[in-house]
Amino acid sequence: QGLPPLEQKDQYTVGFAQTESNNPWRIAQTKSFQDTAASCNWNLVYTDAAGSAAKQVADVDSMIAQGVDAIFLPPREEQPLLPAVLRAKGAGIPVFLVDRSVDPNVAKAGVDYVTFMGSDFIEQGRRAAEWLIANSDGTEVIVELEGTTGSSPANDRKKGFDDAVAGQSGMTIVASQSGDFARDKGRQVMETLLQSHPDVTVVYAHNDEMAIGAIQALEAAGRKPGEDVTLVSIDGTRDALQAIIDGKLGVSVESAPFFGPVACDTMKAYAAGEDVPTWVKVEDRVFTKDNAADHIGEAY
Amino acid sequence: MVDTPVLKMTAIRKSFGDVPALTDAALTIRPGEVHALIGQNGAGKSTMIKILNGAYRKDAGEIELDGQAVRFSSPHEAQLGGISTIFQEVNLVHYRSVTENIVLGQEPKKFGMIDWPKAHRRAEEVLQRFGLNLDVRQPLHHCNIAVQQLIAIARAVSFDARLVIMDEPTSSLDSQEKQVLFRVIRDLSAQGVAVLYVSHHLEELFEVCDRVTVMRNGSMIATHEMSDVTKLGLVSEMIGRDANQIAESGATGFGKTHAGSQTVVLELQNLSNGTNVKDASLIVHQGEIVGLAGLLGAGRTETVAMIFCADHPAGGNMAFKEHRSFFREPAEAINAGIGYCTEDRKAEGIIPGLSIRENLTLAMIPRLAKRGVIPRMAEREMVADFIDKLSVKCAGMDQPIRELSGGNQQKVLLARWMATQPDLLILDEPTRGIDVGAKREIQTLIEGLSAAGLSVLMISSEFEELVEGANRVVVLQEGKAITTLTGGDLNEDSLLAAVAGEAEGAAL
Amino acid sequence: MFGMFNRSRDLRTEGVWIAVVLVVIFATLRYDNFMGLYNVQTFFGYNSMFILIALGMALVIMTGGIDLSVGSVVALSSVVAAYTSPYGIELALPAGLLTGIAAGAINAFLITKMRIVPFIATLAMMLGARGMALVLADNKSVSVDWTSNFTKFGLTRAFGLIPWAVILAAVVFLALWIMLERTTLGRRILTIGGNPEAAKLMGVPVNQTLAITYIISGACAGLAGVILASGFGAGQPLEGLGWELSAIASVVVGGTLLTGGVGSIPATLAGAVLLGLIFNILNFENGLGVISLSAYWQSVIRGGFLLIVVILQSRSGGGLARRRGTT
Amino acid sequence: MTMTKATDMTGSSTSGKMNFGQLARDNGTFLALIALIVINMIITPNFLQVQTLYVNLTQVATIAIVAIGMTLVIASGGIDLSVGAVMALSGALAPFVFLSEFGMASPGLALVLSIAVALLAGLLCGMFNGWLINQFAIQPIVATLVLFIAARGLAQVLTNGNLQVFDNPAFEFIGSGRVLGIPFQALMAVAFALILSWVVRRTAYGRYLLAVGGNAKAARLSGISVNRVRLATYAICGVLAGFAGMVVSAINSASDANQTGQLMELDAIAAAVVGGANLMGGKAPIIGALIGAAIIQLVKYTLLANGVHDAVALIAKAVIIILAVYFQFNRSE
Ligand SMILES: Nc1ncnc2c1ncn2[C@@H]1O[C@H](COP(=O)(O)OP(=O)(O)OP(=O)(O)O)[C@@H](O)[C@H]1O
Ligand SMILES: Nc1ncnc2c1ncn2[C@@H]1O[C@H](COP(=O)(O)OP(=O)(O)OP(=O)(O)O)[C@@H](O)[C@H]1O
Ligand SMILES: [Mg+2]
Ligand SMILES: [Mg+2]
């Protein structure tokens with residue numbers, strides 16, 4: 001059987017099952033949905049899974065029980081959220097996946113859920129690597145600050161970057177450790193790695209927070225971020241753009257959290273019976289010294 | 001038929017760290033006999049017992065049971081091997097029901113499940129033997145200490161044991177209950193079960209025991225037929241001093257050399273706590289030793305606890321010197337000049353992990369400390385002084401108190417209160433578990449303090465102690481002060497009559 | 001029920017049931033569909049995991065111990081179950097269960113043989129099991145085999161009505177209830193908690209009993225891990241963070257004394273259900289659209305709720321504690 | 001630095017006078033630390049550098065400060081799960097004050113006020129814990145669970161979950177300043193430890209603390225106000241956690257209500273126990289907690305610097321805690 005239809009109404013009750021709210025990116029994403037709820041005339045049912053995939057499934061279940069019209073779901077992980085997607089479909093509620101997807105072997109876009117809106121974490125890692133390769137003399141000693149161990153953005157951003165760099169004979173990743181996507185932990189890990197790998201020339205951080213922590217660690221150790229050591233990161237937060245303007249951070253590949261407007265449009269289109277692509281691709285920009293100043297105003 | 005002894009322990013040695021507890025201990029028990037084990041505090045009686053039943057591991061020596069060498073590594077194994085023990089401190093589980101405390105380890109089963117109705121019935125039967133009729137389904141902590149002790153004994157006896165060990169089983173029992181116990185002991189003995197009986201009450205030994213072994217400083221001194229010895233002879237062997245010398249100084253240290261003054265220090269009127277204390281009134285004069293007598297459960301502990309605000313009173317009046325109301329905190333009572341040495345040493349007395357020194361000065365820290373800082377030298381001098389005065393047997397003042405024998409712990413606690421130089425000292429069973437020698441020392445001390453103007457309110461289950469030591473004895477019955485005995489009226493017979501009164505058996 | 005005590009023990013165990021009933025009545029009146037079949041099914045399906053670990057935790061706490069490792073063990077067992085899922089639930093369930101038992105056995109070894117206090121021993125196991133889960137899973141969720149009957153266990157319902165996970169939890173619940181009330185082992189557990197020294201002197205094989213208790217707790221966590229893997233379609237090395245704390249809270253809300261010696265299996269169930277209801281209700285409340293509670297306010301409210309429950313709990317049960325405290 | 005620690009060591013006896021047994025016991029933990037240092041000298045690249053010392057000192061300071069407070073709480077027979085959440089709250093409150101309009105207007109006063117407010121928040125949280133435990137006889141682990149959940153929530157509500165980034169050199173001194181070349185926060189940790197270990201050994205409060213932890217009933221009957229001692233102990237722990245929260249904010253030039261102090265309770269408990277604290281209460285090895293924290297930190301450093309991955313590091317940490325506690329326990333028996 002195919003996708004559940006969505007009738008055209010003035011007002012929808014829309015579920016948004018956020019995975020967690022412990023970092024700026026998620027907070028900006030939630031805010032984007034809340035703002036959209038006002039402009040798009042949604043009655044937003046908002047839940048927060050506090051980082052637990054199992055609870056996120058339970059949250060979706062409670063939305064199904066409440067009979068919402070549609071569900072926007074940023075799945076915490078690819079597999080564990082499958083049952084939620086399948087059950088929502090079974091209950092006749094269309095699901096839109098946001099920023100991460102679910103295992104395509106089991107649930108397919110356009111069949112089990114309407115569409116996946118978002119970018120590609122692997123792609124983000126790859127683009128960070130591409131910028132590095134383009135802006136390097138070819139030999140680099142790289143330290144990688146990973147996101148939360150086991151989380152899919154950490155795994156994918158690592159894969160994208162590592163694969164791209166593997167092709168460069170002069171570049172070696174000498175250390176790769178988790179900084180938990182957090183500034184403080186990123187700083188601590190960088191401080192330590194700097195001691196055991198003083199010859200580092202590049203730091204690749206899986207998000208901007210850790211990159212800023214790394215900048216602090218480098219400065220505390222008397223290094224000049226941006227000159228002695230090149231920093232590469234992902235997200236495009238306001239602090240990161242400022243660091244780019246200050247010359248400390250080399251690049252930040254955008255991973256925009258502002259899904260609200262796209263969500264509104266996509267849902268309307270689907271209700272109207274229009275053809276919704278299985279992947280509503282969100283174009284990520286690349287912020288460098290050239291354009292950071294132009295975009296800092298709109299950053300979160 | 002007196003062939004193989006049921007138990008033979010030879011050349012037992014045991015040290016705790018550097019401290020030797022047993023150096024050359026031995027013990028032989030014949031089948032079906034009641035065998036007493038006596039010795040001063042710290043002589044090693046409890047240690048001996050714990051080695052026997054596997055609670056401790058011995059360093060050297062042999063244990064034979066029915067001629068077979070045995071080695072138990074836990075009380076459980078000892079139990080299976082036919083040795084059943086009642087420990088010095090009542091060791092039962094408070095929150096659990098009476099039944100559970102009795103049948104634990106031998107629960108009756110049906111289809112592999114515990115058969116509770118049957119278990120309750122069995123518990124009731126076992127208790128009946130001790131004349132106890134109580135609701136076996138209630139949690140144990142609803143029973144008073146005496147009943148708990150009887151329950152512990154009932155439990156031990158209910159196992160089919162070859163040897164039953166009793167470490168100071170009568171410490172919480174009154175004379176009636178003691179008689180019940182003795183009857184049970186004689187029953188056991190008649191059935192061929194041997195009993196090892198540890199007690200500081202030498203009179204008891206003459207009542208139920210067949211033979212006695214005396215220990216001193218971790219070694220066996222002698223074993224006698226009970227009929228061959230006198231109390232004095234035993235005491236002299238325990239202490240290691242000449243019998244004549246001891247005879248001269250009397251059985252207790254109380255000389256009752258003075259009477260109190262007319263100044264009232266403490267007055268209680270119609271005190272009640274809403275449960276078992278209903279109408280307790282008494283007066284203590286300055287320099288007087290007032291005894292508080294009664295059956296177990298008569299509410300003596302509760303009465304004195306309310307004076308000290310260890311318990312909250314529900315009604316009545318209290319006046320202590322110029323202070324005209326109840327205290328709100330023990331700290332207030334201490335400040336006003338009261339000291340209170342509790343009955344339950346383990347739960348309400350010692351701080352096990354702290355040293356002798358820290359335990360001893362605990363109640364007087366506010367007075368000792370200068371701007372919140374404790375002066376080191378002053379503290380040490382004071383403690384050394386008390387250790388000396390009370391001859392506390394220890395390795396040094398920084399030894400943790402938990403390593404002391406029961407009697408020596410008691411001395412430290414007494415010192416804790418003496419050190420606060422109170423005007424009124426409340427003592428709840430101050431000499432429980434204390435050997436004859438130490439008991440005399442403590443009694444002499446109490447006497448000396450009261451001669452110097454200290455008033456003492458003393459609970460004791462030993463009539464001898466009350467009769468010889470107290471100026472007056474107030475008798476409580478079911479939470480009511482029924483009479484006061486003084487002067488010529490105060491002797492063991494009148495006391496027994498007053499305590500028991502019409503309330504025969506009411507304690508249970 | 002089994003006639004342990006003939007008089008009502010105390011308010012604690014009844015209080016939590018009363019609270020559950022009140023909360024359910026409140027929610028039924030306030031929210032549509034709250035008592036709907038779907039919500040009831042999914043509520044118990046999800047909470048069966050919490051009920052299981054709370055039951056195991058209750059036994060451990062009754063002995064006076066604690067098991068901080070349950071959350072990590074759930075994760076580890078879910079990973080193992082996911083790896084064995086191609087062989088079907090017949091094999092994956094025992095595999096997950098054995099994982100939990102193994103973790104419990106290590107806890108038991110550390111506590112009884114190495115004599116490390118339960119808090120520290122299980123804290124170490126909490127770290128160790130998490131590490132093992134991540135290493136085994138290579139830092140990512142492990143997909144289960146959707147073609148075997150493994151996911152049927154987690155995703156389908158017996159007679160189309162009751163989730164299998166709930167049936168599993170119910171069986172464990174009954175087994176543990178009977179065990180505690182009607183077997184020697186159960187009595188030993190409570191005796192140890194009431195007074196470990198006395199228990200030893202009374203001939204209770206303390207170490208053996210403690211070991212069994214930690215193994216049962218591990219086993220419960222192992223089963224919860226199987227439910228996690230099969231009901232959510234993946235072995236999840238990162239799941240279960242902080243679950244030990246909600247389990248402890250459930251046990252305490254259920255009136256079991258953390259000092260050991262007193263406790264009830266049914267009341268623990270009620271405690272777990274009560275805590276689960278809070279999350280459920282917060283979700284429904286947000287759906288009303290009256291006020292939209294942020295995740296942060298939800299934390300504050302949950303903290304406040306726990307506060308109220310434990311205070312009420314201490315009041316109704318406090319009589320006993322206070323009396324003993326003064327004598 | 002290791003030398004200063006060695007001399008501190010001798011001060012860690014909880015009972016006034018030193019005896020050899022005590023010394024040997026404490027040296028057990030201390031020897032473990034020495035062993036770790038030696039192992040690092042062999043296997044970890046560039047270990048023997050001043051910078052390594054700085055890195056470790058700054059990273060260990062917060063764990064040490066919280067572990068000291070935790071040691072007191074454990075000595076009283078309790079435990080405090082809320083320390084991490086209290087860190088988040090205090091760490092968020094301080095910038096809140098000096099970033100406010102008023103704070104911008106009078107920076108000097110605002111700085112003092114912000115520190116005061118942060119410490120006060122810690123104090124209040126600690127007192128709240130103590131009050132709950134006293135008033136309702138709630139077990140500490142559950143009583144502090146309340147703030148463990150709610151205090152971080154409050155901090156997040158306060159900041160809306162956002163990072164508060166600031167640029168305030170005076171405040172940042174708490175986290176990154178140096179006195180005589182030594183990180184300020186490390187000095188503070190040592191200062192707290194010395195003061196509190198003196199307090200435990202020599203003051204009436206110290207004696208009361210150990211008595212309450214050893215046998216609360218007996219302590220009450222000896223005239224000790226058990227409730228006041230508990231209240232004070234949790235309050236001290238709260239203040240120390242509050243201070244640690246400020247350190248974290250200061251060193252990052254940003255407060256992060258979501259992450260600050262995350263899992264700190266576990267590190268602090270582990271440090272205290274590795275340092276010789278007994279969860280049954282009645283022992284307060286403050287200097288031991290300092291060494292325990294150093295061991296936990298050094299283990300973390302060693303694993304990280306040698307490229308051991310997070311997952312494996314967790315297992316290693318578990319093994320090391322077990323071994324440390326095992327030897328600790330066997331010595332002290
Ligand atoms: N756990 C222990 N650690 C260290 N020393 C101990 C320990 N237990 C007993 N001792 C010491 O061993 C000696 C014998 O103690 P034990 O308890 O056997 O004496 P006891 O004869 O039972 O005395 P009491 O009549 O006072 O009960 C004492 O000196 C005591 O201090
Ligand atoms: N820990 C306790 N918890 C509850 N009730 C208790 C506790 N201890 C004693 N009681 C109750 O208090 C009553 C009196 O106890 P207790 O036997 O101590 O009286 P007593 O007259 O002081 O006797 P004695 O001092 O000779 O032991 C008993 O009926 C008992 O039920
Ligand atoms: Mg003894
Ligand atoms: Mg009494």
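All chains are named by letter (A, B, ...) in the order of the sequence lines, taking the proteins before the strands, and each is independently numbered beginning at 1.
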Measure [X] against the heavy atoms of chain A and call it side chain, backbone, both or neither at under 4.5 Å.
| X | answer |
| --- | --- |
| D:Thr260 | neither |
| D:Asn160 | backbone |
| D:Leu314 | neither |
| D:Gln49 | side chain |

Inset, instruction - Sort and list the pairs that fulfil side-chain hydrogen bond (donor to acceptor under 3.5 Å, both in side chains) and have at least one residue in residues 305-314 of chain D, not counting sequence neighbours. - result: A:Glu146-D:His309, A:Thr149-D:Asp310, D:Thr44-D:Asn306
Inset, instruction - Heavy-atom distances under 4.5 Å only: say whether A:Ala221 touches chain D with side chain, backbone, both or neither. - result: both
Legend entry - Which portion of A:Asp239 sits near chain D, non-hydrogen atoms under 4.5 angstrom: side chain
Inset, instruction - With sequence neighbours excluded, tell me which residues meet side-chain contact (heavy atoms from CB on, under 4.5 Å) with D:Val50. - result: D:Tyr54
Legend entry - Part of residues 208-216 of chain A lying next to chain D, heavy-atom separation under 4.5 Å: A:Glu209, A:Gln216
Inset, instruction - Kindly say whether the aromatic ring centers of D:Phe243 and D:Phe192 come within a distance under 6.0 Å. - result: yes
Legend entry - Sub-6.0 Å ring centroid separation between A:Phe16 and A:Phe33: yes
Side-chain contact, heavy-atom cut-off 4.5 Å: [X] with [Y]?
| X | Y | result |
| --- | --- | --- |
| D:Glu265 | D:Ser82 | no |
| A:Asn207 | A:Ile234 | no |
| A:Phe161 | A:Ile173 | yes |
| D:Leu81 | D:Ile269 | yes |

Legend entry - Residue A:Lys248 excluded, over 12 heavy atoms near NZ under 6.0 Å: no
Legend entry - Members of residues 162-177 of chain D whose heavy atoms come closer than 4.5 Å to chain A: D:Asn162, D:Leu163, D:Val165
Legend entry - Sidechain-backbone polar pair: A:Gln18 side chain, A:Arg26 backbone, donor-acceptor under 3.5 Å: yes
Legend entry - Side-chain donor-acceptor contact under 3.5 Å, A:Asp184 with D:Gln259: no
Legend entry - Gap separating the CD atom of D:Gln185 from the CE atom of D:Met246, nearest 0.5 angstrom: 11.5 Å
